[in-house]
Number of protein chains: 2
Amino acid sequence: MRVFTTVDQRIAEQTIGRLSLYRRLLDTLMRDCVEHVYSHQLAEKTGFTSAQVRRDLMAVDTAGNTRRGYDVGELTRAIDDYLYAPSGQQVAVVGIGNLGRALLTFFSGRRPKLSVVAGFDVDEQVVDRVIHGCRVYHMDEVDRVVAEDEITLAMLAVPSEAAQPAADVCIAAGVSGILNFAPVRLKVPPSVYVSHVDLTMYLEMVAFFARQTDGDKGD
Amino acid sequence: MRVFTTVDQRIAEQTIGRLSLYRRLLDTLMRDCVEHVYSHQLAEKTGFTSAQVRRDLMAVDTAGNTRRGYDVGELTRAIDDYLYAPSGQQVAVVGIGNLGRALLTFFSGRRPKLSVVAGFDVDEQVVDRVIHGCRVYHMDEVDRVVAEDEITLAMLAVPSEAAQPAADVCIAAGVSGILNFAPVRLKVPPSVYVSHVDLTMYLEMVAFFARQTDGDKGD
DNA sequence: ATTCAGTTGTGACGCTATTCACAGGATAAG
DNA sequence: CTTATCCTGTGAATAGCGTCACAACTGAAT
Ligand SMILES: NC(=O)c1ccc[n+]([C@@H]2O[C@H](COP(=O)([O-])OP(=O)(O)OC[C@H]3O[C@@H](n4cnc5c(N)ncnc54)[C@H](O)[C@@H]3O)[C@@H](O)[C@H]2O)c1
Ligand SMILES: NC(=O)c1ccc[n+]([C@@H]2O[C@H](COP(=O)([O-])OP(=O)(O)OC[C@H]3O[C@@H](n4cnc5c(N)ncnc54)[C@H](O)[C@@H]3O)[C@@H](O)[C@H]2O)c1
């Protein structure tokens with residue numbers, strides 16, 4: 001009975017999200033040859049508070065210097081160690097339509113630790129094509145390709161009615177994490193982690209709150 | 001009796017997001033000619049608790065029947081009244097690259113209350129083309145088109161370095177809500193509402209938590 | 001008319017994330 | 001060395017959200 005073998009402490013999803021943002025910020029600092037950074041600087045650039053930043057960084061194995069702040073290189077390594085699998089994780093995009101194609105193009109060959117290596121679809125027009133260096137396979141080949149390429153994550157960009165079956169196929173093949181863009185709630189075993197990105201919902205939220213702020217400006 | 005004074009009560013962003021989900025669910029119920037629905041049914045289909053659903057619905061002007069649950073038609077109208085502007089809101093997609101094109105195709109002419117009516121880009125190859133019934137204009141025309149079409153919302157899908165300037169142009173033209181897909185934090189006046197959809201962050205979160213459930217990947 | 005089963009609406013509560021606030025620490029300057 | 005300054009790390013306080021639990025209610029059955 002193993003629960004959280006690698007991670008000793010429960011960690012908030014929000015913290016992981018913010019760590020990912022800090023990590024990307026560190027890349028730009030590194031590019032600008034910045035050597036040290038304070039929590040309040042990371043806070044300023046991400047829109048969180050400095051206390052939030054320091055609290056988040058408690059999760060990773062790092063030690064800030066009370067006078068110089070955090071060493072950029074060391075902090076980068078610490079977050080990497082915490083956030084990414086040592087050997088990396090492979091990702092597939094399922095459903096190479098308008099959205100899937102954008103995802104495939106954007107994420108293929110981007111990060112060494114998290115690389116999109118394959119696409120899947122049922123449409124003969126797309127199958128066997130190579131998009132941005134990524135081969136698109138037929139759904140029938142999920143089992144084989146997922147095993148061969150050691151794919152553990154899937155981004156689902158298929159029509160709603162195809163989402164659950166497609167997820168089932170991926171899970172049966174060994175995928176343990178799904179980023180779902182279809183507007184349906186997936187039923188998955190507890191060993192699989194699903195995150196649901198509902199763009200329509202986000203747009204409606206922006207529409208609502210934009211109107212709230214609108215009313216405030218009195219002309 | 002409830003009168004529509006301004007929305008004086010602070011409402012949680014999460015609640016608005018969930019209302020959007022309930023609203024979409026009601027469409028499918030309506031299509032199936034379901035007349036009444038219980039909070040626990042909405043809960044089951046969305047993955048929240050029934051108490052959560054009822055709590056959320058307190059925000060909208062509705063009254064459930066203690067025996068039959070909520071009237072689907074009435075609840076739909078109530079959420080619509082609460083969530084959407086009476087006259088609708090127009091949306092533009094800025095940056096018609098891979099992602100922008102997917103957004104434009106997906107959201108154009110979809111909902112009467114929230115319709116994408118224009119695209120903007122700087123690339124001559126895209127400008128003046130019509131995608132899924134939506135004309136793509138040059139960024140120079142933002143001012144004119146936003147005013148003419150009464151656009152109040154923008155979905156930003158431009159490269160990171162172009163995001164802040166593009167946002168500034170939109171805001172100057174009168175846009176008060178932005179859904180930003182570029183991985184940068186936008187600086188905007190308080191009268192503008194910005195929501196940041198960071199797909200890289202979501203993917204990294206899925207990668208992290210998928211590994212937690214995975215456990216050891218050896219043999 | 002009365003009972004009964006099953007629901008809504010909501011005050012009270014509890015949990016978790018975030019912020020506060022400060023002890024302790026590093027460095028530069030005198 | 002000593003002081004001044006401004007940082008980190010973190011216990012404690014706070015705030016925000018979701019859940020519990022139950023009174024009030026509805027309609028059906030008898
Ligand atoms: N495009 C967007 O901006 C956008 C926005 C919000 C939500 N979404 C959601 O994302 C999903 C994809 O959107 P899209 O615009 O790319 O749609 P799309 O129709 O352009 O693409 C869907 C793709 O999935 C493939 N497909 C269909 N059935 C399949 C199956 N059983 N297995 C594998 N592949 C299958 C199709 O061949 C097609 O290539 C939809 O669920 C949509 O609701 C998209
Ligand atoms: N495609 C994805 O799946 C994906 C995933 C995560 C994040 N993003 C982000 O979304 C944004 C767009 O991604 P993409 O893949 O569509 O990129 P893309 O390069 O395909 O498209 C960018 C578009 O913006 C246009 N553009 C450039 N400068 C502009 C300006 N100043 N004003 C208006 N338009 C301008 C370009 O002509 C191009 O059409 C990027 O910031 C990217 O980081 C995309």
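Every chain is numbered from 1, with letters handed out A, B, ... down the list of sequences.
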S.K.: Looking at every strand, decide which applies to Ser50(B) at a 4.0 Å heavy-atom threshold: base, sugar-phosphate, or nothing.
M.R.: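 Ser50(B): no heavy atom of the nucleic acid under 4.0 Å.
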
S.K.: Please state whether the base of dG18(D) and the side chain of Arg18(B) form at least one donor-acceptor pair under 3.5 Å?
M.R.: no

S.K.: Under a 3.5 Å threshold, yes or no: a donor from one side chain and an acceptor from the other, between His132(B) and Thr105(B)?
M.R.: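 No, Thr105(B) and His132(B) have no side-chain donor paired with an acceptor closer than 3.5 Å.
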
S.K.: Between P on dT7(C) and CG on Asp71(B), what's the gap in Å once rounded to a whole number?
M.R.: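 My rounded result for the distance is 17 Å.
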
S.K.: Taking the six-membered ring of Phe106(B), is the NZ or CZ of Arg110(B) close enough (under 6.0 Å from the centre) and on axis enough (within 45°)?
M.R.: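 Yes - Arg110(B) lies over the ring of Phe106(B), closer than 6.0 Å to its centre and within 45° of its axis.
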
S.K.: Can you say whether a donor on the side chain of Arg67(B) sits under 3.5 Å from an acceptor on the base of dA5(C), or the other way round?
M.R.: yes

S.K.: Counting heavy atoms from C-beta on, name the nucleotide in dC7(D), dA21(C), dT10(C) closest to the side chain of Ala51(A).
M.R.: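 When the side chain of Ala51(A) is considered, dA21(C) is the closest of dC7(D), dA21(C), dT10(C).
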
S.K.: Between Gln52(A) and dT19(C), is there a side-chain N or O to OP1/OP2 distance below 4.0 Å?
M.R.: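 Yes, Gln52(A) has a side-chain N/O under 4.0 Å of OP1/OP2 on dT19(C).
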
S.K.: Can you confirm whether the side chains of Asp56(B) and Tyr22(B) place a donor and an acceptor under 3.5 Å from each other?
M.R.: yes

S.K.: Please check if the distance between the ring centroids of Phe208(B) and Tyr82(A) is under 6.0 Å.
M.R.: yes

S.K.: Tell me: CD of Glu44(A) to P of dC7(D), nearest whole Å?
M.R.: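 Whole-Å distance recorded here is 14 Å.
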
S.K.: With sugar-phosphate meaning primed atoms plus P, OP1 and OP2, does Ser39(B) contact a base, only sugar-phosphate, or nothing at under 4.0 Å between heavy atoms?
M.R.: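 Sugar-phosphate only.
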
S.K.: Below the 4.0 Å mark, does dG9(D) have OP1 or OP2 next to a side-chain nitrogen or oxygen of Tyr70(A)?
M.R.: yes

S.K.: Whole angstrom is fine here: how far is it from NE2 in His40(B) over to P in dA21(D)?
M.R.: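 Those two atoms, NE2 and P, are 18 Å apart.
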
S.K.: Classify the side chain of Arg55(B) and the base of dT19(D) as holding, or not holding, a donor-acceptor pair under 3.5 Å.
M.R.: yes

S.K.: On DNA chain C, compare the nucleotides closest to Asp56(A) and Thr66(A); which residue's is nearer the 5' end?
M.R.: Asp56(A)

S.K.: Once you round it to whole Å, what is the distance between C1' of dT8(D) and CE of Met58(A)?
M.R.: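 Computing the Met58(A):CE to dT8(D):C1' distance gives 11 Å.
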
S.K.: With a cut-off of less than 4.0 Å, is there a side-chain N or O of Asn65(B) near OP1 or OP2 of dG27(D)?
M.R.: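 True: Asn65(B) side-chain N/O within range (under 4.0 Å) of dG27(D) OP1/OP2.
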
S.K.: Any idea which of dT10(C), dT7(C), dA17(C) is nearest the Gln14(A) side chain?
M.R.: dA17(C)

